[in-house]
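Computation of the quantities below employed the complete heavy-atom set of this structure, encompassing side-chain atoms and omitting hydrogens, waters and symmetry-equivalent molecules. Throughout, protein chains are lettered first and strands after them, A, B, ... in sequence-line order, and every chain is numbered starting at 1.
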There are 2 protein chains.
Amino acid sequence: MLKLSRLTDYAAVVMAQIARHPEASHAATELAEAVQLPHPTVSKTLKMLVRAGLLVSQRGAQGGYRLARPASQITAADIIAAIEGPVAMTECSQAEGDCELVATCGVADNWQRVSLAMRTLLESVTLAHLADTAPIKLPVQLPIQTISLSAASA
Amino acid sequence: MLKLSRLTDYAAVVMAQIARHPEASHAATELAEAVQLPHPTVSKTLKMLVRAGLLVSQRGAQGGYRLARPASQITAADIIAAIEGPVAMTECSQAEGDCELVATCGVADNWQRVSLAMRTLLESVTLAHLADTAPIKLPVQLPIQTISLSAASA
DNA sequence: CAATTGAGTACCATTTTAGTCCTGTATAAA
DNA sequence: TTTATACAGGACTAAAATGGTACTCAATTG
């Protein structure tokens with residue numbers, strides 16, 4: 001289904017929750033209650049987000065998590081990458097790209113273009129958009145024509 | 001990584017292979033050799049593609065598989081859906097949509113919009129594009145602004 | 001120093017995915 | 001009509017990813 005993993009889903013929800021109160025520090029326990037998810041799982045997710053540089057953590061009493069930068073500067077692609085690794089539709093879309101079938105494959109180039117277009121789409125959606133309870137209104141203005149399937153230099 | 005499953009990847013490769021010789025009937029064995037993949041796996045993939053209506057099969061001697069319609073009328077989304085089910089980024093993006101967290105989630109609507117934009121993107125890429133050994137040149141002209149994040153009626 | 005809260009690690013259960021095999025059935029050609 | 005070819009369907013197994021839990025350590029505050 002080309003679905004996000006459940007943890008990624010959680011991550012988005014939690015990030016949105018934090019983004020709605022950007023001033024405060026949010027303890028894992030508090031967040032877990034707010035989003036109605038098991039505490040250890042939320043905690044795990046938060047740690048991944050810290051490691052990816054999307055959140056900063058403060059230990060000790062009165063500690064908790066805060067956004068590392070404004071919600072408008074955190075993208076859906078960032079969140080997905082934090083949990084699942086870089087957005088890439090196929091083996092060969094990744095940097096390492098050690099697929100032994102490249103010779104007989106014949107679709108690698110084109111998949112990579114599609115993959116790039118998807119990444120661009122996801123990079124155009126910010127946490128501020130996601131956290132907004134009202135449906136997003138802004139036109140994204142994706143320059144998809146120039147990116148997706150013509151001369152991509154990847 | 002928001003990655004395609006390996007079977008989906010195979011499906012795309014096999015479909016492209018068939019698309020390059022649309023006149024002939026292609027036996028599973030022949031295709032397996034052409035793309036250098038284990039025969040039973042290719043066979044399984046082919047069966048799924050038939051069930052999804054993307055291929056038609058012919059039993060008996062000289063039988064095999066052919067495209068059910070021109071390559072230009074089969075999309076990447078079709079192929080993905082044939083193997084993985086409908087393209088949907090989150091639980092709640094699907095028709096059934098029985099996620100109990102909708103209340104506390106707060107990002108469902110917006111994820112659905114993103115999901116829809118991705119689906120549109122994948123629907124704009126045809127098998128003819130994928131099968132083309134040269135990088136795709138055509139501008140896709142996705143009307144993404146009107147679809148992705150503004151008033152979607154889903 | 002004690003209470004709070006995050007960090008790290010290891011582990012287990014479940015689910016999904018991938019791959020194989022076997023038996024049945026339709027078709028075409030000899 | 002017989003035989004070889006080739007798809008159909010389903011059952012089964014193995015492997016991997018995923019999700020979830022538990023436990024211990026480290027840091028900060030008061």
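- Atoms NZ (A:Lys3) and C1' (D:dT18) sit 12 Å apart, rounded to a whole Å.
- Rounded to an integer number of Å, the gap from CG of B:Leu2 to P of D:dA17 is 17 Å.
- Regarding contacts with the backbone of C:dA7, a side-chain N or O of A:Ser57 is found under 4.0 angstrom from either OP1 or OP2.
- Taking 4.0 angstrom as the limit, A:Gln58 places none of its side-chain polar atoms (N or O) nearer than this to OP1 or OP2 of C:dT4.
- Between A:Thr41 and A:Gly60, the residue whose closest nucleotide on DNA chain D is further toward the 5' end is A:Thr41.
- The nearest pair of heavy atoms linking B:His129 to A:Asn110 is O-ND2, 2.9 Å.
- Among the heavy atoms of the strands lying under 4.0 Å from A:Pro38 are primed sugar atoms or P, OP1, OP2 only; no base atom is included.
- Here the closest non-hydrogen pair linking B:Ala77 and B:Glu123 is CB-CG, 3.6 Å.
- Residue A:Glu30 contributes atom CD, which lies 14 Å from atom C1' of C:dG6 at whole-angstrom precision.
- Between A:Ala61 and B:His39, it is B:His39 whose nearest contact on DNA chain D lies nearer the 5' terminus.
- The CD1-C1' distance, from B:Ile80 to C:dT17, rounds to 17 Å in whole Å.
- As a whole-Å value, the separation of A:Leu49 CG from C:dG8 P is 14 Å.
- Rounding to whole angstrom units, CG of residue B:Leu46 and P of D:dA8 are separated by 8 Å.
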Within the sub-3.5 Å range, which N or O atoms of nucleotides 9-14 of chain D have a protein N or O partner, and how far apart are they?
unit_1, atom_1, unit_2, atom_2, d
D:dG9, N7, B:Lys47, NZ, 2.8
D:dG9, O6, B:Lys47, NZ, 3.4

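- Between C:dG19 and B:Tyr10, a contact under 4.0 Å exists linking OP1 or OP2 to a side-chain N or O.
- Considering only side-chain atoms of B:Ala28, the nucleotide from C:dG19, D:dC7, C:dT20 that sits closest is D:dC7.
- The shortest heavy-atom contact between A:Val107 and B:Ala12 is CG1-O, 4.3 Å.
- Between C:dT5, C:dA28, D:dC7, one nucleotide has an atom nearer to the side chain of B:Gln62 than all others, and that is C:dA28.
- Note that CG of B:Leu37 is 10.0 Å distant from CZ of B:Arg6, once rounded to the nearest 0.5 Å.
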Could you give the side-chain donor-acceptor pairs of residues 49-73 of chain B under 3.5 Å, partners two or more places apart or in another chain?
unit_1, atom_1, unit_2, atom_2, d
B:Arg66, NE, B:Ser25, OG, 3.4
B:Arg69, NE, B:Gln73, O, 2.7
B:Arg69, NH2, B:Gln73, O, 3.4
B:Arg69, NH2, B:Asp78, OD2, 3.0

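- Checked against D:dA6, C:dA7, C:dG19, the side chain of B:Leu7 finds its nearest nucleotide in C:dG19.
- The nearest whole Å value for the distance from the CZ atom in B:Arg6 to the C1' atom in D:dA15 is 10 Å.
- Taking the side chain as every heavy atom from C-beta outward, B:Asp9 and A:Trp111 approach each other to under 4.5 Å.
- Nearest approach of B:Ala28 to B:Val42, heavy atoms of both residues: O-CG1, 4.1 Å.
- Here B:Ser43 does not reach the OP1 or OP2 of D:dA8: none of its side-chain N or O atoms lies under 4.0 Å away.
- Smallest separation of non-hydrogen atoms from B:Cys105 and A:Val13: O-CG1, 3.7 Å.
- Computed from coordinates, the B:Met48 CE to C:dG19 P distance equals 10 Å when rounded to whole Å.
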